[in-house]
Amino acid sequence: MTAIRYELIKQCPETGARAGRIHTPHGTFDTPIFMPVGTQATVKTMSPEELKDMGAGIILSNTYHLFLRPGSELVKEAGGLHKFMNWDRAILTDSGGFQVFSLGDLRKITEDGVTFRSHIDGSKKFLSPEVATKVQMDLGADIIMAFDECVPYPADHEYAKQSTLRTTRWAKRCKDTLTREDQGLFGIVQGGMYKDLRTMSVNDLLELDFPGYAVGGLSVGEPKDMMYEILEHTVRQLPQTKPRYLMGVGTPDCLVEGVMHGIDMFDCVFPTRVARNGTAMTWKGRLVIKNAEYAHDFGPIDENCGCYACRNYSRAYIRHLVRVNEIFGLRLMTMHNLYFLQDFMRQMRQAILEDRFVEFRKKFLAGYVH
RNA sequence: GGGUAGGUGCCCGAGUGGUUAAAGGGAACGGACUGUAAAUCCGUCAGCUUAGCUUACGAUGGUUCGAAUCCAUCCCUGCCCA
């Protein structure tokens, strides 16, 4: 049996954009999909019910963070992450690979694994393919990720090559460690901004035959054109029968381009983080709710949005809440941004199903600023 | 009425003769944020004809080459005593 199964429903003949469906032990969700990020076993400020109401079918959580606190054994004792956080739909856990990248000077990489200095108390922690996979088995997410190194940008060819080869060796070790059959392990393509390395990475990972493939190491500071070029080059080589996941991407323009190149899954902290910092996402671009121009604006964040915040509250009110640092303001903003992306993905999917994705993309880009 | 401590930029608050258009907060204004060390971080914050000038540390006058800083008088505020 396979825990994760991808069903291709329709593909845009011009671009390759795909509408599909992914089946997991905790339900099925339509793709392309955006997965809200709940690093510490919660999507910041949102309850599971609220996430379900906006249509979220799968959320993300994080190995590194849960490994530090509360510890994977406690989550296991609770009956797994689904039970622990009261989320009965699908969960994907990241492996901690991104923390290898983002924690920069707090970590040391060797062939064996990565030694971290905990960002909480400075204590030494060790994560390896085996440890990361065991932790993820304890957590019990439906989709788990191989432990990788997210190659930084810029990186020279030799470093990117060695790092990518190691990531693939680590992927093999992750696969060898996984024993649960109700979890699907995704491999992560790296290779930096080098096409030959991307190709090498894809080929090596395909031999290991994962139930899904992620494209990592993008959106790490490189120019967008470069990102799209590498993305296109990479996705082209991935199998049609498996889900494709572009890690860490979440602005509307990048999502459209990702879908166009054939990506099915995305995740990003952007909507939730930016919400807490006072920026709302709309079809026209960013709306910085804190700005003075909205002080007397009693209309909703977005006229055409059906989210709870837009149905009931004004820009002026939400601006006030955010400015005085009221939690409800952060919640309304987060709710809006996540709803916006769910809606955005739904509309893209619908466009693919109705053979008008190219037109959809064109129209969207024309009205979207930045 | 007597004593005492003070009056600093939008607010709070450092600063006791030159390196002070004046520390540090806060507010305000703007920006950033892409597998979350993030309800965080960064910038601006007297004005102008901006490598310079003008106006600024309760008010006025004085000492000095030079004052938010020293002196005099006045005004105002807090606290204590009558």
Side-chain angles (χ1 to χ4, degrees), chain A residues 34-46 58-66 68-69 92-107 116-122 125 132 136 141 143-153 167 186-190 213-224 227 231 245-255 257-258 263 265-281 286 288-295 319 321-334 337 341 370:
Chain A
F34 176 81
M35 308 180 279
V37 179
T39 303
Q40 311 205 70
T42 177
V43 175
K44 295 185 193 298
T45 80
M46 291 290 101
I58 175 170
I59 59 174
L60 218 80
S61 200
N62 186 282
T63 297
Y64 170 80
H65 292 272
L66 296 180
L68 294 188
R69 289 190 303 200
L92 181 153
T93 44
D94 186 27
S95 61
F98 185 70
Q99 280 62 46
V100 178
F101 164 80
S102 67
L103 261 33
D105 48 335
L106 289 179
R107 108 268 117 136
F116 293 92
R117 267 198 10 244
S118 161
H119 70 274
I120 301 162
D121 61 7
K125 303 287 176 188
Q136 291 188 88
I143 299 173
I144 70 175
M145 301 305 297
F147 187 63
D148 66 330
E149 182 197 358
C150 178
V151 179
Y153 175 82
T167 283
F186 281 23
I188 304 177
V189 180
Q190 290 291 344
Y213 294 90
V215 180
L218 289 181
S219 198
V220 289
E222 77 283 10
K224 279 192 179 170
M227 169 185 159
L231 180 63
Y245 164 27
L246 176 54
M247 306 185 81
V249 161
T251 57
D253 51 337
C254 291
L255 291 171
E257 298 308 296
I263 295 292
M265 306 161 68
F266 302 86
D267 82 283
C268 196
V269 305
F270 191 83
T272 43
R273 175 182 292 168
V274 128
R276 276 176 275 119
N277 294 332
T279 297
M281 300 168 74
R286 304 177 187 202
V288 183
I289 201 76
K290 287 192 286 190
N291 285 181
E293 62 180 300
Y294 304 118
R319 169 182 137 93
L321 293 182
V322 170
R323 276 158 51 93
V324 298
N325 204 23
E326 281 293 341
I327 294 168
F328 192 47
L330 307 184
R331 280 175 36 69
L332 290 174
M333 290 292 287
T334 301
N337 281 356
L341 283 186
H370 177 268

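Proteins get letters first, then strands, A, B, ... in listed order; numbering begins at 1 in each.
- In this structure G47(B) sits in a base pair with C53(B), meeting the Watson-Crick or G-U test at under 3.5 Å.
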Show which side-chain atoms of residues 95-104 of chain A pair as donor or acceptor with protein atoms under 3.5 Å away, not counting sequence neighbours.
residue: Ser95(A); atom: OG; partner: Gly97(A); partner atom: N; Å: 3.1
residue: Ser95(A); atom: OG; partner: Ala146(A); partner atom: O; Å: 2.9
residue: Gln99(A); atom: OE1; partner: Asn62(A); partner atom: ND2; Å: 3.1
residue: Ser102(A); atom: OG; partner: Phe98(A); partner atom: O; Å: 3.3

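- Contact between the side-chain N/O atoms of Thr39(A) and the OP1/OP2 oxygens of U36(B) is found at a separation under 4.0 Å.
- Atoms CE and CZ, on Met265(A) and Phe186(A) in that order, are 5.0 Å from each other to the nearest 0.5 Å.
- The shortest distance between the side-chain N/O atoms of Gln99(A) and the OP1/OP2 oxygens of G35(B) is not below 4.0 Å.
- Both distances falling under 3.5 Å, in either a Watson-Crick or a G-U wobble arrangement, place C70(B) opposite G62(B).
- The side chain of Asp94(A) sits closest to U36(B) out of G31(B), C33(B), U36(B).
- For Asn291(A), taking side-chain heavy atoms from C-beta onward, the closest of the listed nucleotides A37(B), G35(B), G30(B) is G30(B).
- A21(B): no Watson-Crick or G-U partner with both key distances under 3.5 Å is found in any strand.
- Among the nucleotides U34(B), A37(B), A39(B), the one closest to the side chain of His119(A) is A37(B).
- Residue Thr251(A) places its side chain closer to U34(B) than to any other of U34(B), G31(B), C33(B).
- Of the nucleotides present, none pairs with A27(B) by Watson-Crick or G-U wobble criteria with both distances under 3.5 Å.
- Between Gln40(A) and U36(B) there is no side-chain N or O to OP1 or OP2 distance below 4.0 Å.
- Asp267(A) and Tyr245(A) share a donor-acceptor pair across their side chains, judged by distance under 3.5 Å alone.
- Considering only the side chain of Arg323(A), C29(B) comes nearest among C29(B), G35(B), A39(B).
- Here the OH-CZ distance, from Tyr64(A) to Arg69(A), works out to 10.0 Å after rounding to the nearest 0.5 Å.
- Remark: Asp121(A) pairs with Ser118(A), Ser123(A) by the side-chain contact (heavy atoms from CB on, under 4.5 Å) rule, at least two apart or across chains.
- Residue pairs meeting the side chain to side chain donor-acceptor pair (under 3.5 Å) criterion with at least one partner in residues 323-333 of chain A, sequence neighbours excluded, are Glu50(A)-Arg331(A).
- Looking at Lys290(A), its side chain does come within 3.5 Å of a backbone N or O of Asn277(A) through a donor-acceptor pair.
- Base pairing annotation: U40(B) forms a Watson-Crick or G-U wobble pair with A32(B), both donor-acceptor distances under 3.5 Å.
- Partners of Asn337(A) under the side chain to side chain donor-acceptor pair (under 3.5 Å) rule, at least two apart in sequence or in another chain, do not exist in this structure.
- Searching all strands for a Watson-Crick or G-U wobble partner of G1(B) with both distances below 3.5 Å returns C81(B).
- Pairing for U16(B) is absent, judged as Watson-Crick or G-U wobble with the two contacts each under 3.5 Å.
- For the C1' atom pair drawn from U55(B) and U50(B), the interatomic distance equals 15 Å after rounding to whole Å.
- Close to C33(B), at under 4.0 Å from its OP1 or OP2, lies a side-chain N or O of Arg286(A).
- Regarding contacts with the backbone of C29(B), a side-chain N or O of Arg319(A) is found under 4.0 angstrom from either OP1 or OP2.
- Side chain of Val274(A), nearest nucleotide from C33(B), G35(B), U36(B): C33(B).
- One atom, CE of Met265(A), and another, C1' of G35(B), lie 11 Å apart when rounded to the nearest Å.
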Report summary line: Letter by letter from the 5' end, nucleotides 40-46 of chain B scores (B base, S sugar-phosphate only, - none; protein heavy atoms under 4.0 Å) B------
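- Of the candidates G35(B), U36(B), A39(B), the closest approach to any side-chain atom of Thr272(A) belongs to U36(B).
- Here G35(B) presents its C1' atom at 4 Å from CG of Asp267(A), a figure rounded to the nearest Å.
- For Lys224(A), taking side-chain heavy atoms from C-beta onward, the closest of the listed nucleotides U36(B), G35(B), U34(B) is U34(B).
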Report task. Evaluate the criterion side chain to side chain contact (heavy atoms under 4.5 Å, CB included) for residue pair Met35(A) and Ile143(A); output intermediate values, then yes/no. Result -> CA-CA 12 Å; Met35(A) 308 180 279; Ile143(A) 299 173; over 6 Å; no
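- If you take atom P in U69(B) and the same atom in U8(B), they sit 13 Å apart, rounded to whole Å.
- Taking the P atom of each, A56(B) and G47(B) are spaced 15 Å apart, rounded to whole Å.
- For G2(B) and C74(B), the P atoms lie 12 Å apart once the distance is rounded to whole Å.
- When the P atom is used for both U4(B) and C71(B), the distance is 15 Å, rounded to whole Å.
- Of all nucleotides present, only C76(B) satisfies the Watson-Crick or G-U wobble test against G6(B), with each distance under 3.5 Å.
- Remark: P of A37(B) and CG of Leu103(A) are 6 Å apart, rounded to the nearest angstrom.
- Nucleotides A67(B) and A59(B) have their P atoms positioned 15 Å apart, rounded to a whole Å.
- Note on Ser102(A): a side-chain N or O is less than 4.0 Å away from OP1 or OP2 of A37(B).
- Among the atoms of the strands shown, none is found under 4.0 Å from any heavy atom of Leu246(A).
- Heavy-atom nearest nucleotides on RNA chain B were determined for Asn62(A) and for Val288(A), and the one closer to the 5' end corresponds to Val288(A).
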Show every donor-acceptor pair shorter than 3.5 Å between a side-chain atom in residues 269-276 of chain A and any protein atom, with sequence neighbours excluded, or say none if there are none.
residue: Thr272(A); atom: OG1; partner: Val269(A); partner atom: O; Å: 3.0
residue: Arg276(A); atom: NE; partner: Thr272(A); partner atom: O; Å: 3.4

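- Between the C1' atom of U34(B) and the CG atom of Leu341(A) lies a distance of 11 Å, rounded to the nearest Å.
- A21(B) sits 9 Å from G9(B) when the C1' atoms are compared, rounded to a whole Å.
- Distance check on atom P: C11(B) versus C57(B) gives 14 Å, rounded to whole Å.
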